[in-house]
There are 2 protein chains.
Amino acid sequence: MVTVPAIDRSSTTDRVAEALRAMLFTGELSPGEPLREVSLADAFQVARSTVREALQVLAGDGLVTRYPHRGVVVTELTGDDIAEIFGARLVLESAGVRAGSEGADLAPVAEALATYAAATAGSDQAEITHAHLEFHTSLVSLLGNARLVANADTLTGDLRLALASVERRRANARQQVADHRRLLRLMKTGDTDGALSELDRHLTAARASVHEQVRERDAVSPGS
Amino acid sequence: MVTVPAIDRSSTTDRVAEALRAMLFTGELSPGEPLREVSLADAFQVARSTVREALQVLAGDGLVTRYPHRGVVVTELTGDDIAEIFGARLVLESAGVRAGSEGADLAPVAEALATYAAATAGSDQAEITHAHLEFHTSLVSLLGNARLVANADTLTGDLRLALASVERRRANARQQVADHRRLLRLMKTGDTDGALSELDRHLTAARASVHEQVRERDAVSPGS
DNA sequence: TTTCGTCGGATTGTCGGACAACCTGAGTGT
DNA sequence: ACACTCAGGTTGTCCGACAATCCGACGAAA
């Protein structure tokens, strides 16, 4: 068996969905912004039905919301939504931490942390956010359960909608990385309870931070 | 504000998806069975594009699987899939049990158990399965997190694909209900660890049962 | 001034038809 | 046994169409 260059077998629908997803994560599309089928079809040079399918994929992930007969808009997360996302993440990532303390290989987590630390040296905010969330996903990966990882991915994906629209302070980056290092160290030393409470603390702080930033944004341009 | 009778505002796509979902859960459609777009469009008397959208919804839930350029088939769960589903359920439902032992109101769980017990008196297998899974979902509901409940719902939905194709032994029903009663009692008495290990035991046994039944089925008509 | 119809434009939801690309299996030849 | 070709069925994507629905504006009526 020879190795061959991968051939792109993605459908047009997939590519449109992916392009939209990228635009959502970079903040090129803001929460609440309407996504008109004909405009998108025109912009992407594809048929309206193709756009509709792509939008339905994104709607399935909760990134966009369909309002019957009124169209699709970029999902606007309420404060309750954000609280729910962090609550769900705590459940999944805590389970991951427990799995890690029960013998799962921590190397992928360490690797994700290194990537994250490296990313903070750069200035690409979307890249930093991605690497950060990747670390948290790596915790869930410790469970070796693809379905839970997928759930965690959609959760962090939804969260990125809120993160993209606010400027994360670079100053926090160093502090953040230190937080994660501490968490990993606790896991390595087998201090499960310590790691769990550190994770709880970290997520609670992050939630507060996102909450605050969303409130600030809404104060300027009030949403729903 | 007066109360008005609810008006059906569902789209054709939704209704087709719902009809297909019901057929999947009752076993009218079996795992591996191909779902041809034109046949379905003809059968439901709707356009092909409508069927495509409905199928994409179901694919998003993992109930059907798209094979590019080859069509959609009812998802066939492998042994690994089943193990994953039960593993994920253990994570979510354990978290629910913990929430229950920390003061969450157990009334909905008790209610779900009563409904389940009542259903076992009847002979509608799909109804019994539904009530059973509803009980487990009620555990996750204790977390008060709609996103996690949704995740649990898709997990149990996927599981129903496997359950629908095998005849569950009625004999087990009584034993099953007793299991759940014991679990609820442990939660009520505040014995969190006992409840958690009871849940683990129950899910492990259930997984073994499903595994065995799937193996039996595959021995008759081998799948992939 | 506020409330209530109504009207027109814009958009979605659904339909039908069309066609190229693709997959599969059967047949054919080597 | 293997490689090739061909035909039929199916999906992926496009286009055009039209009813249903929503929304804002405008004007009439209370």
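Only this structure's heavy atoms are used, side chains among them; waters, hydrogens and symmetry mates stay out. Numbers restart at 1 for each chain; the letters A, B, ... are given by sequence-line order, proteins then strands. Worth saying up front: this structure is predicted, and the values here are computed from it rather than measured.
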**Message:** I'd like to compare against my own output: the B/S/- annotation of nucleotides 9-22 of chain D with a strict under-4.0 Å heavy-atom distance to protein.
**Reply:** -SBBBB--B---SS
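- Put simply, the side chain of A:L58 does not reach to within 4.5 Å of the side chain of A:T75, judged on heavy atoms.
- Side-chain atoms of B:N145 come within 3.5 Å of backbone atoms of A:E84 as a donor-acceptor pair (strictly under, hydrogens ignored).
- A donor atom on one side chain and an acceptor atom on the other are not found under 3.5 Å apart for B:D42 and B:S39.
- In this structure, the side chain of B:S30 does not engage the main chain of B:E33 through any donor-acceptor pair within 3.5 Å.
- A:Y116 pairs by the ring pair (Phe, Tyr, Trp, His ring centres under 6.0 Å) definition with A:H132, A:H180, not counting sequence neighbours.
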